K.L.:
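Before anything else, here's the structure in question.
Please read all numbers here as calculations on a predicted model, not as lab measurements.
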Amino acid sequence: MASEMRSIGKPTPRIDARERVTGQARYTGDVQLPGMLYARVLRSPYPHARIVRIDVSKAKAMPGVHAILTKENCRIQWSSGDSRNKRLLFNDPVRFVGDAVAAVAASDRHTAEEALQQIVMEYEELPFVLDMEQALAPGAPEIHPGGNLSPNNEGERAPETDQRGDVERGFAEADQVFEDVYISKHHNNAQMEPRVSVAQWEGSRLTVWASTQGISNCRRDLAKDLGLPLNQVRVICQYMGGGFGNKNQCHDFDLMASALAKETGRPVKLEFTRAEDFVAVHGRWPTKQYYKVGVKKDGSLTAIRMKAYSGMGPYRKGSGGVAGAQLYRCPNVKTEVYPVYTNMAVSANYRAPSYPQGVFGIESLMDHIAHTLGINPLDFRLKNMTEKYHDEVPYSSYGLRDCVTRGAEALGWRQKWHPPASDRGAQKQGVGMAMGYFGAGLGMSSAVLKLNPDGSLQVHVAVTDIGTAAKTTMGLLGAEAMEIPFERVSVLSGDTDRAPYSVGESGSRTTNYTGYAVVTAAEDLKRQLRELAAQSWSVAADAVQYSQGAVYMQDRPDRRTAIAEILKGNPDGLIAQATTDPKLKGVSRNSFAAHFVELEVDTETGDIRILKYVAAHDSGRILNPLTAGSQVKGGVAQGVSMALREELLYDQMTGIPLNPGYYGARIVTHGDVPDVEVIFVETADPYGPYGAKSVGEPPIVPSVAAIANAVFNATGIRIKELPITRSKILDAAPGVRLEGGRA
Amino acid sequence: MGFETTRRDFIRNTGWGIASAAAVSGLDIHGPLLRAEPIEVPSVAPTSRIRLTVNQRPYALGVEDRWTLAEVLRDHLGLTGTKVACDRGECGACTVLLEGRAVYACSYLAVWADGKEVLTVEGLAQGEQLDPLQEAFIEHDGPQCGFCTSGQLMAARALLNQVPEPTPPQVREGLAGNLCRCSNYNRYVEAVLAAAGKEGRHGK
């Protein structure tokens, strides 16, 4: 019986949508336990300082204060807080404004906050450095012993380097060589759910209600840092209010809550304020990217060289990568990235961590080259776009060219593109485009499927749905593989006590990693069903077939026996477990995208209004067009915010961040975002479950560059430093400054 | 954090908080108190007794004067559907209806709500029957992570109560005070317009 897709590919509302719209969804901060204490954290007001004295006596004497942790009584290491250095929960010296110095547990949060103010801290200020290049200059304040260039993956004080061909030969062969610098800024993930962790000890067993993107990794890290066997640690996260990369693994607040709960013998809820969230966790790493590109007169590329600096803050929590050059076919490429320690806020993963800033650089520069050579930017891309990874390894599936052509058509590129700054008035319209890609990796994850005697299915996966609809996707995959209605499937997730290892909601991996395990476990369930039937019918197992919730003899497809009949007298139903780790064979696996934007710049006010936005994506087969579309729309809007608004500003004299919080960050809201037209270029990837690739992170990748390029097409102004603020437009717009008295 | 004035600092500095330091021996709290243990430490903060109607249910409560409406709803009445995301009136996640108007419950002291009527996300549905906005939010995939959803729903409810058939720009303006970092703004606007259409047809 040939089966067509029953669940996959249809717009399906989320499996837990009702809970999410009725207030029933229980997030970590909603957990209240009997006798629970509230905890707050005290932070360094200095960007770099040695702690001279800590006096907690006054705070400790306050009624309602139960415990205070500082470096003097707590030496717990936060191992996932730094991959290169030993980072403790409370460090001395402190290395950025916001570095934790104490945590207080009290009977309520007001008392905890008041106790923070009673802790006496004395510091000896040390010289500090905020700028990446200054941090590498001779004589710069040393943030860690050995210097401010963070060691690479091999442990050497050298940049991360990637090269093919010979760039010098490429430049020699070029008709024209372009050099330029592009700058992106630190900005915060700013997920809506604040940091919160609730820890409870029952004897030697620890339960942590975390707000984490990966309960399995969180549990592993908690056990490691607290010296506990894995079976003594349980992590629960049933609903998760966003993270975009800054809630991976275990965080210091999980460890602090656990330590305070141990110390007090009471459950502890530790909460960060929003301002703490902005400065004390992490945001996207700022970059400074130096490019040198050689081209022939016909627009073909002969060499790409990039040397980039990434500001990691004082702790190495992320890769610091700068991606983008892979978008282009070119025989000679060399990229070097220097991850640098500074005394700014820590930088690490934020949605497509290495990509939108790198793509902003390379796609702005390619746009500039096309313009200089008199080639339409669309034709320049069609001529030079990547078709093989590193021009060598085939992609497992490839839809980039279709993304570009279909996106261009949907925007009306050929009709709307004009030479830069064609409009004569103050309101100037223009179009821009950019390409993007994102690695769609494969890897290890597990699933347990339980087929109940009534034929209903339980999917046990350690997924914490951070907003991507991963729970729903796991249910859809279970339903599809078992050929049963989606309504017959429940997903049990978010609790390490009831689900096996899952990779965690990061790297846009859940569908590809955990989804693969779900499908594999379902195959095993079907095998078990066939064997049970074969036994009871006394036939060979391969004579029995399964389809759509029933088994039948191969030669009698009309006589079907339902699951419930097969499992009668079997109260536990059937259980299948799969741990899968698929490998790529001679191919590179990526999602692709091309974004097209039409906008209007008011050169008198600097205001930018987006008129039309088209996002074309190759994410393989789309398992749920409704929720995948939401991912794209949301990712684009985040990109708009990154392009036009966001930057964590610092006072250069004191090293103090000036605008932590939503208002200061100027994050986009309802009136600021365009309607996004989403086009899915569906390729059937041979590796993903039912042909799926990655969808969560790619939408933010090309958006920043597409907007920057449209601003150039509208005004002739090339903004090379993010964000593209009004003042930058006004500073660059010739002769259109407001005259005195005209305001 | 030393470098910013929190709302509570502000409240304290303006005398709303510890104006008189008269200790109150325990909290005289009536009504359904969901905290499992009484607060064991006598509060040093001034307290008041207030009456609230929340989701049509009357409460008589003893509250500390510094407690926000959001704190009372979440921590003391167990109505955790109302979310606190910024705790300083910047994001709208805590939006509830007070006498039918949308307010940020994180920036509204509980004592100010004395004698007033509050509607939270838990009170939107009539039993099992969801509000048309809730249905539309499901159908149009409004919530991604869902943390801003309660606030978006309540702001949308306030809007439709005032403007039953809003235009798209009116919806965007009506919800402008409600951030969504998943940035699912397109879907939320679609959903509110769909719900408005449905309510119009049913003459609600």
K.L.:
Checking E271(A) against chain B: side chain, backbone, both or neither under 4.5 Å from a heavy atom?
P.N.:
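Nothing of E271(A), per the 4.5 Å heavy-atom cut-off to chain B.
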K.L.:
To the nearest 0.5 Å, what is the distance between NZ (K633(A)) and OH (Y188(B))?
P.N.:
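If I round to the nearest 0.5 Å, the distance is 14.0 Å.
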K.L.:
Any side-chain donor paired with an acceptor under 3.5 Å for E71(B) and H110(A)?
P.N.:
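Short answer, yes.
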K.L.:
With chain B as the partner, which of G23(A), S630(A), P194(A) has the greatest number of non-hydrogen pairs under 4.5 Å?
P.N.:
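The option with the most such pairs is S630(A).
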K.L.:
Check step by step if side-chain contact (heavy atoms from CB on, under 4.5 Å) holds for F137(B) and T22(A).
P.N.:
CA-CA 10 Å; F137(B) 272 40; T22(A) 53; over 6 Å; no
K.L.:
In this structure, are over 12 heavy atoms from other groups packed under 6.0 Å from Q32(A) atom CD?
P.N.:
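Atom CD in Q32(A) is packed in, count exceeds 12.
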K.L.:
For the backbone of R181(B) and the side chain of Q638(A), can you confirm whether one donor and one acceptor N or O come within less than 3.5 Å of each other?
P.N.:
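Side chain of Q638(A) to backbone of R181(B): a pair is present.
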K.L.:
Between D108(A) and R66(B), what is the shortest heavy-atom contact and its length?
P.N.:
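The answer is OD2-NH2, 4.1 Å.
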K.L.:
Which atom names give the shortest non-hydrogen contact between G242(A) and C145(B), and what distance separates them?
P.N.:
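Closest heavy-atom pair between G242(A) and C145(B): N-CB, 3.5 Å.
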K.L.:
Using a 3.5 Å distance criterion without hydrogens, assess whether the side chain of R274(A) forms a donor-acceptor pair with backbone atoms of R88(B).
P.N.:
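No.
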K.L.:
Heavy-atom cut-off 4.5 Å, strictly under: side chain, backbone, both or neither for N189(A) against chain B?
P.N.:
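N189(A) touches chain B through backbone heavy atoms alone.
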K.L.:
Among E128(B), E139(B), E135(B), which one satisfies salt bridge (charged side-chain N to carboxylate O under 4.0 Å, His left out) with R18(A)?
P.N.:
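Option passing the salt bridge (charged side-chain N to carboxylate O under 4.0 Å, His left out) with R18(A): E128(B).
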K.L.:
Please check: side-chain N/O of T669(A) versus main-chain N/O of A176(B), any donor-acceptor pairing under 3.5 Å?
P.N.:
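Answer holds: yes.
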K.L.:
From Q631(A) CD over to C182(B) SG, what is the distance, rounded to the nearest 0.5 angstrom?
P.N.:
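So the gap between those two atoms works out to 7.5 Å.
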K.L.:
Could you walk me through whether Q24(A) and E122(B) pass the side-chain hydrogen bond (donor to acceptor under 3.5 Å, both in side chains) check?
P.N.:
CA-CA 8 Å; Q24(A) 303 307 311; E122(B) 289 92 343; 5.6 Å; no
K.L.:
Surrounding CD of Q162(B) (heavy atoms of other residues, nucleotides or ligands, distance under 6.0 Å), is the total greater than 12?
P.N.:
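No, CD of Q162(B) has 12 or fewer neighbouring heavy atoms, counting only those of other groups under 6.0 Å.
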K.L.:
Is chain A contacted by the side chain of I138(B), its backbone, both, or neither, given a heavy-atom distance below 4.5 Å?
P.N.:
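Both backbone and side chain.
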K.L.:
Please classify the contact of D465(A) with chain B as side chain, backbone, both or neither, using a heavy-atom distance under 4.5 Å.
P.N.:
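Neither part, no heavy atoms under 4.5 Å.
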K.L.:
Please rank L124(B), D141(B), V121(B), T80(B) by heavy-atom pairs under 4.5 Å with chain A and give me the top one.
P.N.:
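Ranked by contacts with chain A, first place is D141(B).
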K.L.:
So, the side chain of N186(B) versus the backbone of V676(A): is there a donor-acceptor pair under 3.5 Å, distance only?
P.N.:
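The answer is yes, because a donor-acceptor pair under 3.5 Å joins these two groups.
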K.L.:
Measure from the side-chain N and O atoms of R74(B) to the backbone N and O of G29(A), and report whether any donor-acceptor pair falls under 3.5 Å.
P.N.:
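Answer holds: yes.
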K.L.:
Taking all non-hydrogen atoms of both residues into account, name the closest pair between R20(A) and Q144(B) and its distance.
P.N.:
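Closest heavy-atom pair between R20(A) and Q144(B): NH1-O, 3.3 Å.
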K.L.:
Working to the nearest 0.5 Å, report the span between CG of D75(B) and OH of Y38(A).
P.N.:
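Answer for the CG-OH pair, D75(B) versus Y38(A), is 4.0 Å.
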K.L.:
Could you tell me which portion of I466(A) (side chain, backbone, both or neither) has an atom closer than 4.5 angstrom to a non-hydrogen atom of chain B?
P.N.:
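Backbone only.
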K.L.:
Any side-chain heavy atom of C91(B) within less than 4.5 Å of one from Y663(A)?
P.N.:
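A side-chain contact is absent here, since even the closest heavy-atom pair is not under 4.5 Å.
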K.L.:
Measuring heavy-atom distances to chain B, does V196(A) have an atom under 4.5 Å in its side chain, in its backbone, in both, or in neither?
P.N.:
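Neither; nothing under 4.5 Å.
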K.L.:
Please confirm whether the backbone N or O of T627(A) pairs with a side-chain atom of R187(B), one donor and one acceptor, at under 3.5 Å?
P.N.:
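Checked: no pair found.
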K.L.:
Under a 4.5 Å heavy-atom cutoff, which of T149(B), L130(B), V171(B) has the most pairs with chain A?
P.N.:
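Most heavy-atom pairs under 4.5 Å with chain A: L130(B).
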K.L.:
Can you tell which part of P674(A) gets under 4.5 Å to a heavy atom of chain B, answering side chain, backbone, both or neither?
P.N.:
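Just its backbone gets close to chain B.
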K.L.:
Search all heavy atoms of H670(A) against all heavy atoms of Q152(B) and return the closest pair with its distance.
P.N.:
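Closest heavy-atom pair between H670(A) and Q152(B): NE2-OE1, 2.9 Å.
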K.L.:
Can you find a pair of side-chain heavy atoms, one from V21(A) and one from L153(B), that are under 4.5 Å apart?
P.N.:
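In contact.
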K.L.:
What are the two closest heavy atoms between Y185(B) and V668(A), and how far apart are they?
P.N.:
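Shortest heavy-atom separation between Y185(B) and V668(A) comes out as OH-O, 2.7 Å.
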K.L.:
Below 4.5 Å, heavy-atom pairs only: which of A637(A), S641(A), A190(A), G635(A) has the largest tally toward chain B?
P.N.:
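Max contact count across the listed options: A190(A).
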K.L.:
Between CD of E90(B) and CD1 of I667(A), what distance do you get to the nearest 0.5 Å?
P.N.:
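So the CD of E90(B) and the CD1 of I667(A) are separated by 9.5 Å.
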K.L.:
Using non-hydrogen atoms only, which part of T468(A) is less than 4.5 Å away from chain B: side chain, backbone, both, or neither?
P.N.:
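Neither part.
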K.L.:
Which bit of Y239(A) is near chain B, if near means a heavy-atom gap under 4.5 Å: side chain, backbone, both or neither?
P.N.:
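Contact with chain B involves no heavy atom of Y239(A) at all.
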K.L.:
Do E193(A) and K83(B) meet the salt-bridge criterion of a basic N to acidic O distance under 4.0 Å?
P.N.:
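Result for this pair is no, no salt bridge flagged.
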K.L.:
Specify which of G123(B), G146(B), S183(B), G81(B) makes the most heavy-atom pairs with chain A at under 4.5 Å.
P.N.:
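Among G123(B), G146(B), S183(B), G81(B), the one with the most close pairs to chain A is S183(B).
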K.L.:
Which region of A469(A), side chain (C-beta onward) or backbone (N, CA, C, O), has a non-hydrogen atom less than 4.5 Å from a non-hydrogen atom of chain B, or is it both or neither?
P.N.:
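Neither; nothing under 4.5 Å.
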K.L.:
Charged N to carboxylate O under 4.0 angstrom, D672(A) versus R172(B)?
P.N.:
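Judged by the 4.0 Å cut-off on N to carboxylate O distance, D672(A) and R172(B) do not form a salt bridge.
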K.L.:
Checking heavy atoms, do the side chain of N188(A), its backbone, both or neither come under 4.5 Å from chain B?
P.N.:
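Interface part for N188(A): backbone (N, CA, C, O).
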K.L.:
What heavy-atom pair brings C86(B) and Y662(A) nearest, and what distance separates the two atoms?
P.N.:
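For C86(B) versus Y662(A), the nearest heavy atoms are CB-CD1, 3.8 Å.
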